[in-house]
Structures are given as structure tokens and as C-alpha cells.
**Student:** 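Here it is, the structure, as C-alpha cells.
Each chain gets a letter, A, B and so on, in the order the sequences are listed, and its residues count up from 1. Computed from heavy atoms alone, side chains included, the values below leave out hydrogens, waters and symmetry copies.
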Amino acid sequence: MPLTATILAAENNPILPHTYELVVGVFSFLVVFLVVGKMLVPRIQKTLEERTEAIEGGIKRAEEAQAEAQRALEEYRAKLAEARQEAARIREEAKAEGAQIKAELREEAQAEARRIIEAAQAQIEADRQAAFTQLRAEIGRLSVELAGRIVGESLEDEARQRRIIDRFLEELESTTTTDARAVRG
Amino acid sequence: MNTPTLLLAALPTQAEDPEGFHAPGPEIFDLPPLWEGAPTWLTKPTLLAALSAVILIALFWGAFANPKLVPRGLQNLGEIGYMFVREQIGRPFLGKDTDRFMPLLVSIFFLVLVWNLMGVFPVIQFPVASHIAFPIVLAAAVYLLRIYLGIKHQGPIGYFKNMMFPPGVPKPVYILLAPIEFLSNLVLAPATHALRLFANMFAGHMLLAFFSMVGFYFIFQNFSVLGFPVGVLGTLVTIAMTALEMFIQFLQAYLFAMLAAMYIGGSLHAEH
């Protein structure tokens, strides 16, 4: 008998299904389809979708954070540049002010110095004048006394005496002044 | 006597020598009830079919019962399997409709895969799909769904018109083409869908049984110096064939689910 014939003639023909196997097959398939297919597969589908969303959301959030950080950085840089400009401006102002103050102080100091020198000179002049006046009187008296001693009592006439002394002193003064000029010059 | 007869006469047959080697035949698929007195339907294939369903549910329950955004352990494995079905089986034929049919495709692919792998699982070693009833159940489910979807999406007339009268063909050719397309789509496709899986598992199991029988017979049952190398060869071939068989088992599960996706895709949109 050929093999095909043997197979077909067999008591349990392999290409004819047993009814009870069909039933068990349907049952197994239905159970798997309901539990694995209808119950578990949607769960993993949902999880995979959530994962995709989570990853996409994460990337989006990271991009936003990046942009935010960039913005903040720009802001800080702008502020820093502004602060630098401000500092430079203040420095310039301070420098200018300082220079001005220095100039003013110098001016003042010079004026003060001039004033002190002038005052000192005036004082000296006054002192000199005073000394001179005092000296003049003294010299007059001493000279008269001296001359009296020398000439004797002849010169007792007061008026005459005064005139002679004054004349003498004037002469003396003019020569002294001339002498002093000559010495200074 | 002609040559084939001579060769046949030279081979020891069961009739001539009850102790001699005889190749396992289709009778290895006839399995009695599990124990004496057990109901007729409680056989190794039905038990394995149910066991496969239980294993599958347990694995997927462990993986997807409480799925986490950051996957751990079994969920990783389950996701790899899910992604494989979605990207390799669903996406090419169903496009944006893939997600809708993932429950069916995942169920079909993994159920067939587990059924098939039972064929090489130590001790069990029986591919469930080598009993044609099981492929028929799945093929019939796909077939009914396919016709239902076709009529729903293309209309009762449109579906058969699109199927039998594809555009772009000279009119007289339809005389020949229409019946061929009708037969091919409505009779041959579902039949081959079931038969391809069944025949592959059937033949694979026969081959494994034959080579392991060669190894067993020549090494243990009827040891002889001359027979020993034959037995060793049989054992080695059995190991190699087991590896090949595992590949074919995977391939057939993939093909079965892929054809299901293709048929469903064809019903959703007119193909031509």
C-alpha cells in the first residue's frame, strides 16, 4: 500500500480533526484570547503609550528648562554688562569730582597761603613802623639830651630846639630811606 | 524481480522479523486516553493544548498584569515579544490598524509558538499543532473574522467584487481569473493556512521520531559493532534536527500569525 493510502486508511486519519480536540482547541484559544489578548495586551499598550508620552514630555520639559536657563543667563549677562557700565561711569565721575576737589583745595590753600603771607607782611610793616616811630622819638630825645650836654644850656628854647630836631630827623630819614633802598636794591 | 522489489525484500519488515527495526509511522500520532478508564477526550494533545494556554496566561500575567513605566524582569521579555509581533507581524500588513488587532495577533502567535515548542520540550516532546484540529480552530477563527471584516469594510458586494475582479486585467481574463480568485481566497487560503502549520509539525515530529528511533535501536535495543556507528549518526542527526525543528517551529508560528495579519489587512482595504 502506498504511504498516502496507509495514512488515509488509518483508523485515526491525521488530516481529519477529532471533535473533542476541536472543542479543546476552541476553549484554549478563547481563554488565551480573553485573558492575554483582551485583558493583558491593552494594559501593555496603555503602558507603552504612557512611556512614550513620559519620554516625550521629559524631553519637552528639558527643552523648556534649557530655554529658561538660557533666558536667565542672557538676563544676567545683560545685568552684569549694565553694572559694569554703571561702575565705570561712577568711577569716571568720582575721578572728575576728585580732581575738582583737589583743584579747589589747592586754590583755597594757595589763597590762604597768600593771605597769611600778606598778613605777616602787613604785621611786619606795622611793627617796623611802630619801632621806627618809637625809635625816632627816642633818638630825638637822646640826641637833644646829648646835644644839650654837648652845647650846654643854649638850646633851652623849646620851640627852636624842636624845629632843629625835626629838620635833622627828616634829613636823617631821607638818607636812611635812600640807604635802605640802596641796600635792598 | 525488479530492483525496488529486491530492495524492499532486503529491508527487514515487521512481518518478517518482529524484533527488527521498523521506522515509526503515522501511528505515533494516535495517542490513547492518558490512563485506562480516562475519558476519550483526555489525551496527551488535549492536555498539552490546555497546558499551553495555562503556561501562556501565566507568562503574560507575570509580564503584563501590572505593567510599569520602567519595565523589570518578565515585563522586559514580554515587551520584546509584544514588539516583535507588532513590528514584524502586524505593522507591515495592518499599518495604523495594528493596535486594534494586537490582542488577536499576540494570542495567535504565542499560542501557536507554545504549541509548537511542546514538540522539543524534554519529556513532553509532542507538537500540539501536529493534530490538525488545533490549526483548524485558529485558521477558522481568522477565516470568519476575515469575511466579517471584508463585508463590513467593503460591503457585501464590494468585498466579493474586489476579491474576484481585481482591476487592471483585460476583461476576457476574468472568465478564468474570477473562479480562481474565488477558490484561492475562500477555499485554498484557509485550508493551506491550517494545513501548512499542521504538515510542518507533523513532518517534523516524524523526522525527530525516526532519527531518535535509529539512535535508540542501534545503540540500546539491538547493539552490534556494525550498527553502532549508525546509531551514533542517528543520535547526532536527532540533535541537529531538534535545532532545525526549533527554528521551523518558530518560523511556522511567525508565518501563521503573519498570514492572519495579511488576511485581515486584505479585508480592511481592497488589496488591488
**Student:** For chain A, which residues of residues 71-83 of chain B have at least one non-hydrogen atom nearer than 4.5 Å to it?
**Tutor:** B:Pro71, B:Gln75, B:Glu79, B:Tyr82, B:Met83
**Student:** Using every non-hydrogen atom in the two residues, find where A:Ala54 and B:Leu69 come nearest and quote the distance to one decimal.
**Tutor:** CB-CD2, 4.0 Å
**Student:** Check B:Asn66 against A:Arg43 and note the closest heavy-atom contact, atom names and distance.
**Tutor:** N-NH1, 4.4 Å
**Student:** So if I take each residue of residues 28-36 of chain A and look for any heavy atom under 4.5 Å from a heavy atom in chain B, which residues do I end up with?
**Tutor:** A:Ser28, A:Phe29, A:Val31, A:Val32, A:Phe33, A:Val35, A:Val36
**Student:** As an exercise: rank A:Val41, A:Thr47, A:Ile44 by heavy-atom pairs under 4.5 Å with chain B and give me the winner.
**Tutor:** A:Ile44
**Student:** Using side chain to side chain donor-acceptor pair (under 3.5 Å) as the criterion, list what pairs up with A:Glu82, not counting sequence neighbours.
**Tutor:**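 Here no residue qualifies.
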**Student:** In terms of heavy-atom pairs under 4.5 Å with chain A, which of B:Ala194, B:Ala50, B:Ala49, B:Ala65 leads?
**Tutor:** B:Ala65
**Student:** What part of B:Ala140 gets closer than 4.5 Å to chain A, counting heavy atoms only: side chain, backbone, both or neither?
**Tutor:** neither
**Student:** Is the closest side-chain heavy-atom distance between A:Val24 and B:His131 below 4.5 Å?
**Tutor:** no
**Student:** Could you tell me if the side chain of A:Met39 sits less than 4.5 Å from the side chain of B:Trp61, heavy atoms only?
**Tutor:** yes
**Student:** Would you say that more than 12 heavy atoms from the other residues, nucleotides or ligands in this model lie under 6.0 Å from the CZ of A:Arg77, or not?
**Tutor:**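 Counting neighbours around CZ of A:Arg77, 12 or fewer heavy atoms of other residues, nucleotides or ligands fall under 6.0 Å, so no.
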**Student:** At their closest point, which heavy atom of B:Met102 faces which heavy atom of A:Gln45, and how far apart are they?
**Tutor:** CB-NE2, 3.4 Å
**Student:** B:Val137 versus A:Leu22: any side-chain heavy-atom pair under 4.5 Å?
**Tutor:** yes
**Student:** Using non-hydrogen atoms only, which part of B:Ile136 is less than 4.5 Å away from chain A: side chain, backbone, both, or neither?
**Tutor:** side chain
**Student:** In terms of heavy-atom contacts, does CZ of B:Arg100 have more than 12 from other residues, nucleotides or ligands at under 6.0 Å?
**Tutor:**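 Atom CZ in B:Arg100 is crowded, with more than 12 foreign heavy atoms closer than 6.0 Å.
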**Student:** Minimum heavy-atom separation for A:Glu21 to B:Ala133, with atom names?
**Tutor:** CB-CB, 3.5 Å
**Student:** Rounded to the nearest 0.5 Å, what separates atom NE2 in A:His18 from atom OG1 in B:Thr43?
**Tutor:** 7.5 Å
**Student:** With only heavy atoms counted, which part of B:Leu138 is less than 4.5 Å from chain A, the side chain, the backbone, both or neither?
**Tutor:**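 Just the side chain, heavy atoms under 4.5 Å.
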**Student:** In residues 57-76 of chain A, which residues are in contact with chain B at a heavy-atom separation under 4.5 Å?
**Tutor:**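 Under the 4.5 Å heavy-atom cut-off, nothing qualifies.
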**Student:** Looking at A:Phe27, I want to see if its CZ is surrounded by more than 12 non-hydrogen atoms of other residues, nucleotides or ligands under 6.0 Å.
**Tutor:**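 Count not over threshold, so no.
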**Student:** Report, as yes or no, whether the 6.0 Å neighbourhood of atom CZ on B:Phe121 holds more than 12 heavy atoms from other residues, nucleotides or ligands.
**Tutor:**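 No.
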**Student:** Hey, could you give me the CG/CG distance between A:Leu40 and B:Leu56, rounded to the nearest 0.5 Å?
**Tutor:** 9.5 Å
